[in-house]
Structure formats: structure tokens, C-alpha cells
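Encoded as C-alpha cells, the structure appears first; notes follow it.
Chain letters run A, B, ... following the sequence lines, proteins first and then strands; every chain starts at 1.
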Amino acid sequence: GFIRNKLIEVYGKCGSAKDAREVFDGTSPKDSFSWDFMLTAYTRNRNVEEAEKLFQEMPEKNLFSWNVMLAAYAQSGYVLRTMETFNRMPQRDVVSWNTVVTFYARNGNLEQARALLKDMPERDLVSWKAVIAVYAQEGHLAEVKILFDEMPGWDLVVWTTAVALYARNKRIVEAREMFDTMPERDMISWTSLITAYARKGYMKEAKDMFEDIPERDLILWTGMLVGYAENRLFTEAEEAFRRMPERNMVSWTAMIVGYAEAGRLDMAKSFFDRMPEADLVSWTAMVVAYARNGNLAESINLFIQMPERDSVSWTAMVVVTAQTGELEETKRIYDAMPEKTLASSTAMLAACGCSGKINEAEIIFESMPVVD
RNA sequence: UCUUGGGAGGAG
């Protein structure tokens with residue numbers, strides 16, 4: 001009972017849905033915790049298809065399970081299933097509403113998200129922060145300012161978002177001033193500003209703060225590494241990679257992407273080959289690396305070889321083939337997708353348009369889900 | 001019950 005559930009939970013967290021499933025299958029009787037742990041094990045490992053299967057088999061679905069499934073669809077960018085699930089839920093709470101308003105912000109526009117924010121029957125500070133975060137990540141300074149003024153109160157999270165937003169807009173003096181005047185700071189606020197500096201090319205500022213900070217965790221190290229790599233400072237990136245106390249998938253993949261974007265496919269491949277184990281993200285990075293460096297055949301080859309595919313890898317494949325003008329290939333992949341995302345449909349639409357296939361473009365357009 | 005929100009890796 002309790003112990004077996006704990007095991008499912010632990011395996012799920014450690015990234016092994018398979019092990020969790022083994023324990024789950026051997027658990028009898030299963031209570032609602034067993035089912036929920038198994039469900040989150042799948043969603044945390046980005047396995048939406050298996051999560052969906054499990055969800056359908058669940059003898060009783062509580063609000064928590066519905067919310068988990070809703071979040072899984074929303075994070076995968078599945079418009080239809082997200083809306084359908086939200087509409088079918090027997091009850092909704094503030095978490096369900098927040099999941100949906102975040103989804104709107106990511107896939108619609110600011111006006112829609114703001115309208116929903118005002119009409120939602122339940123809202124809390126998270127709702128505001130969720131919408132703000134999406135726009136801050138995209139760097140929309142003017143729009144976020146409106147929301148900053150409208151929201152009921154500021155806390156550490158909002159301050160941190162604001163600081164990062166200014167830094168991403170290269171307003172580094174203001175960002176630093178805000179950072180210095182904010183009422184409290186934690187590890188995330190430090191990392192947020194440092195990585196924003198680094199990624200905008202202010203490596204001197206980033207490095208100085210990095211040296212000043214009392215403790216450095218894996219995320220901060222990786223942030224610096226990404227900054228170096230994005231600014232093509234590979235000597236420094238490699239040095240950070242060696243010096244960091246530990247490395248995870250993110251560190252390895254950051255090196256792969258950094259080299260690939262600089263056109264150094266051989267270096268990217270060598271990091272991929274040396275990874276202790278590759279995950280979905282690193283596989284996708286490598287698939288895209290080949291395509292963007294002119295080797296579509298090998299890209300498709302890897303795509304077929306990869307142990308699993310999710311909505312991002314499918315979308316990536318549609319986009320890269322569309323960009324190389326391989327319309328037939330693009331269409332094959334697009335048709336094979338388990339569920340279309342807005343990004344994949346947009347790419348497919350553009351590909352048809354560019355090749356003068358107006359009728360086909362129209363069919364795709366009509367089939368595209370509308371977020372409203 | 002780390003289901004939604006601020007810091008690091010894949011498409012957009």
C-alpha cells in the first residue's frame with residue numbers, strides 16, 4: 001500500500017516511468033494515490049500518450065488527476081485536447097483555471113489572456129504571475145508594464161520576473177537597480193539576473209556577479225555555460241563544463257546546441273556521443289542540428305532511430321523539413337503526427353503557401369484549432 | 001500527493 005505508492009512516486013521523480021510502471025503493475029489493490037503517482041510519473045517524463053492511456057483506464061478520476069492531465073496536454077501544446085479536457089472536467093478549481101490561462105497566454109495573445117484573467121471565476125496571485133511570466137519571457141516590456149500596474153500585489157516572484165524582463169531587454173542599469181532595491185533576494189533572483197546578463201552578451205557583468213555570489217548551484221553553472229556557448233565563447237564554455245561540480249543532461253545538451261548553432265556539427269556530435277545517456281531533448285537537438293547544417297537525410301534517420309518522440313520533436317521535424325523545401329517529406333511527417341500543434345500547422349501552412357499549393361494550404365488552415 | 005506561476009538544454 002503506502003510503501004509501494006512511495007516507490008512509484010520515487011521512480012517517477014527519478015525519471016524512470018518504466019520502473020514506476022513495474023511497481024504500479026505489481027500493486028494490488030491500487031488506491032487513488034497509486035494511480036495519481038503513476039500519472040505524474042508519465043507526465044513528468046513527458047510521456048503524454050501513456051499518461052492519456054492510463055487516465056482513460058483510471059477507475060475514478062479526482063480533481064487532481066484531471067488537473068494533471070490538463071497540464072500535460074497544455075504543456076505539449078495540444079490545443080484541442082486541452083480545451084476538450086477543460087470543458088469535460090466535472091469540477092474546476094483555481095489550478096485548472098491557471099493552467100488554461102497560461103495556455104492561452106502561450107498560444108493566443110495578450111488581450112485574450114487578460115480578458116480571461118478578468119472573467120475567471122477563481123483567480124489568485126499565481127494567475128497573474130503566470131500570464132506575466134509568459135510575456136516577460138518573450139521580452140514584451142510595454143505590455144507587461146500594464147499588467148504590473150493592474151496586479152494586486154508584488155512579491156519575490158514578481159520582482160524577479162521584472163528584473164529578468166529588464167535585463168532581457170538590455171536595460172541592464174535599470175535591471176541592476178531593481179535587483180539592488182528589491183526587498184528580498186533568493187538563489188533564483190541571482191541566477192535570473194546573471195543568466196539574463198550572460199545571454200544578452202554582458203559576460204563581464206555576469207562573470208562579476210557569478211564570482212560574488214556565495215553559492216553556485218547546477219542551474220547557475222549551466223546558465224553561465226549557455227551564455228558562453230550562445231556568444232560563441234567555446235573555450236570558456238568548455239572550461240565551465242569541466243569546472244562545474246556536476247553535469248546533467250542540460251549541460252551536455254547546451255554544449256551540443258551551442259556547437260550546432262555555430263555550424264560545428266562534428267563537435268556537437270562528439271558531445272552527443274559522449275553523453276552518459278541521451279534523453280528526448282538531446283535527441284531532438286541532434287536531429288535539428290543535422291537538418292540545420294544541411295544533412296536532412298541523417299536528420300530523418302536519427303528521428304526514426306530515437307527511442308521516443310513527443311510533440312516538440314514532431315513539430316521540429318515538420319519545421320526543419322519545411323524550411324529545406326522538402327514539401328513531400330514535410331507532408332508525410334505532418335500527416336503522421338499523433339496530434340498537431342499550432343507550430344506544426346503554421347509551418348505546414350507556410351510550406352504549402354511557398355510552393356503555391358493554395359488548396360492544400362486552405363485545407364490545413366480550416367483544420368487548425370482556434371484558441372478562443 | 002513538488003497538478004498551475006519567477007532562474008539552465010530541443011521546435012515555435
Any donor-acceptor pair under 3.5 Å linking the side chain of A/N231 with the backbone of A/L233? no
Answer with base, sugar-phosphate or nothing: what part of the nucleic acid does A/D93 contact at a heavy-atom distance below 4.0 Å? nothing
Please determine, by modelled atom types, if A/D124 and A/N98 share a side-chain donor-acceptor pair under 3.5 angstrom. yes
Mind checking what makes ring-ring contact (aromatic ring centres under 6.0 Å, His included) contact with A/F24, not counting sequence neighbours? A/W35
Within the structure shown, what part of the strands sits under 4.0 Å from A/V257 by heavy-atom distance: base, sugar-phosphate, or nothing? sugar-phosphate
Base, sugar-phosphate or nothing for A/T99? Non-hydrogen atoms, less than 4.0 Å. sugar-phosphate
Backbone of A/L117 reached by a side-chain donor or acceptor of A/R123 within 3.5 Å: yes
At under 4.0 Å between heavy atoms, what does A/S192 touch on the DNA or RNA strands: base, sugar-phosphate, or nothing? sugar-phosphate
Considering every strand and a 4.0 Å limit on heavy-atom distances, what is the contact class for A/R123: base, sugar-phosphate, or nothing? nothing
Classify A/R106 by what it touches in the nucleic acid, base, sugar-phosphate, or nothing, heavy-atom distance under 4.0 Å. sugar-phosphate
Quick one: label A/L280 by what it contacts on the DNA or RNA (base, sugar-phosphate, nothing), any heavy atom closer than 4.0 Å. base
For A/R168, answer base if it contacts any base atom (sugar-phosphate contacts may also be present), sugar-phosphate if it contacts only those atoms, and nothing otherwise; contact means non-hydrogen atoms under 4.0 Å. sugar-phosphate
Note: chain A reaches RNA chain B at heavy-atom distances under 4.0 Å over the stretch, first to last nt, 5' to 3', of B/rU1 to B/rG12
Assign A/N5 to base, sugar-phosphate, or nothing according to its heavy-atom contacts below 4.0 angstrom with the strands shown. nothing
Check step by step if ring pair (Phe, Tyr, Trp, His ring centres under 6.0 Å) holds for A/W66 and A/F86. CA-CA 8 Å; A/W66 278 98; A/F86 185 73; over 10 Å; no
Which side-chain N or O atoms in residues 136-149 of chain A pair as donor and acceptor under 3.5 Å with protein atoms at least two apart or in another chain?
none

Have a look at A/D124 and say if it touches a base, only the backbone sugar-phosphate, or nothing, with a 4.0 Å heavy-atom cut-off. nothing
So what does A/M187 hit on the nucleic acid, given a heavy-atom distance under 4.0 Å: a base, only sugar-phosphate, or nothing? base
For A/D186, which contact category applies under a 4.0 Å heavy-atom criterion: base, sugar-phosphate, or nothing? base
Backbone N/O of A/F303 and side chain of A/R309: donor-acceptor pair under 3.5 Å: yes
At under 4.0 Å between heavy atoms, what does A/R185 touch on the DNA or RNA strands: base, sugar-phosphate, or nothing? nothing
Identify, between A/I188 and A/E230, the residue whose nearest nucleotide on RNA chain B lies closer to the 5' end. A/I188
Would you mind classifying the nucleic acid contact of A/V95 as base, sugar-phosphate or nothing, using non-hydrogen atoms under 4.0 angstrom? base
